[in-house]
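As the structure is a computational prediction, the values presented were derived from the model and not from experiment.
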Amino acid sequence: MSQQAADRSLVALIADEDSTTGLLLAGIGNVDEKGEKNFKIVDNKTPVSEIEETFNHFTNERKDIAILLINQHIAEKIRPIVDRYTQAFPALLEIPSKDHPYDPAKDSVLKRVQKLFGE
Amino acid sequence: MSGKGQREAIFPTRMALGNTKTRLKGAQTGHSLLKRKADALTKRFRIITAKIDEAKRKMGRIMQLASFSLAEVQYATGDISYIVQESVKSATFRVRAKQENVSGVFLPAFEPVVTEKGGSAEFSLTGLSRGGQQVAKARETYTKALQTLVELASLQTAFVILDEVIRMTNRRVNAIEHVIIPRLENTIAYIISELDEMDREEFFRLKKVQAKKKAKSEAADLERKAKQEEEDRKAQGGDSEATALQGGEGKSGDILSGGKDEDVIF
């Protein structure tokens, strides 16, 4: 597990355009030699299958991602996959977007927290 | 005998008893150690869950602020998303994983690492004509927000790992408590009962041998007494001895013939 964590350093992103712009401004964006980006912009027209594919790509195939940020309303679209995701690396984090305020009740981790405390 | 419950398939000997007792002791020590470990982890787990709950709520507010600053940028500069997306080259905001050891479990903690070399240069031309200040401000807000996110992510990773480890530890504790220790106890009871049984058998056998020996020695005593008496009589006189011998011969002849007859009949 420690070995896994050592070479992971990037923050990946699956988000709408505004969140992406903001976070890219902060400097998380990375394009490697193959021209592969570590962020994915999703809008209303993006098909769910494409989101799933990107999610799987970021979580399973790429070994340099430490944290995966995903907009909550996008996570909602692929909720079954997100809920099934239990790996420690990369850490999955649901973030609010501009148009969709944050709802703690939907978060997969918070759901588990609440389940543990029996609330 | 302790036929109930599981026991190990071993031969009931004193050595096996000693070995099993040592193992039972080991299992008990292991059980108490694991229990303590599980307690320590659970304590840590509760702290982390409380922190996560708080941080998640805080994140909502911070991201809202960040979005607002981005809206300011868009108002001042127009749409910069395309420029920003296209000018991405290499990440200046990275994370580094540190490790923390909680009773034998390595919990990773992410630490934001901002390399400044290209950080400001990368988007330096963004908003050059107007709104440069807003862009700088937005970048700052987002960097701060990201730091919160990274903190939250490390909390969450710790949560996931701890959850798994606690479950594993509890499983082990329960396995030792409900399977291994009863089985060892059963084995010990079985060995003890078997050994006792063997003791009783041995005792009975000894008794038997003793009884047999006693009977034998009594018979030998009687014979010796008879011999002694005979010798005494011999010593007393030759006459009486002769008559006695004759009488004896006649009698023994009678008995012999009688015995033979009976044998033939049967």
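- Around atom CZ of Arg14(B), no more than 12 heavy atoms belonging to other residues, nucleotides or ligands sit under 6.0 Å away.
- For a residue to count as touching a neighbouring chain, one of its non-hydrogen atoms must lie under 4.5 Å from one of that chain's; by this rule Ala153(B) touches chain A with backbone and side chain alike.
- Taking CG of Leu146(B) as the reference point, atom CG of Leu23(A) lies at 5.0 Å (rounded to 0.5 Å).
- Under the 4.5 Å side-chain criterion, counting only non-hydrogen atoms from C-beta, Ile28(A) is not in contact with Arg94(B).
- Within a 6.0 Å radius of CZ in Arg96(B), no more than 12 heavy atoms belonging to other residues, nucleotides or ligands are found.
- Other residues, nucleotides and ligands contribute at most 12 non-hydrogen atoms within 6.0 Å of the CD atom of Glu54(B).
- In this structure, the portions of Leu149(B) lying under 4.5 Å from any heavy atom of chain A include both its backbone and its side chain.
- Contact of Val150(B) with chain A is made through backbone and side chain together, with heavy-atom distances under 4.5 Å.
- Heavy-atom distances place the side chain of Ile41(A), and not its backbone, under 4.5 Å from chain B.
- Side-chain atoms of Met59(B) and Pro96(A), non-hydrogen and from C-beta on, do get closer than 4.5 Å to each other.
- With a 6.0 Å radius and a threshold of 12 heavy atoms from other residues, nucleotides or ligands, Lys51(B) has its NZ atom at or below the threshold.
- With a threshold of 4.5 angstrom between heavy atoms, Gln64(B) does not approach chain A through any atom at all.
- One finds the CG atom of Leu152(B) at 10.5 Å from the CD1 atom of Ile95(A) (value rounded to the nearest 0.5 Å).
- Between Lys56(B) and Leu93(A), the closest side-chain pair of non-hydrogen atoms falls below 4.5 Å.
- With rounding to the nearest 0.5 angstrom, the CE atom of Met63(B) is 7.5 Å from the CG atom of Leu69(A).
- Per-residue heavy-atom pair counts under 4.5 Å with chain B were compared for Leu68(A), Val11(A), Leu92(A), and the maximum is reached by Leu92(A).
- Interatomic distance, Ser9(A) OG to Phe110(B) CZ, rounded to the nearest 0.5 Å: 10.5 Å.
- With a threshold of 4.5 angstrom between heavy atoms, Glu140(B) does not approach chain A through any atom at all.
- Surrounding CD of Glu53(A) are at most 12 heavy atoms belonging to other residues, nucleotides or ligands under 6.0 Å away.
- Taking each heavy atom of Ala66(A) and Val95(B) in turn, the nearest pair found is CB-CG2, 3.5 Å.
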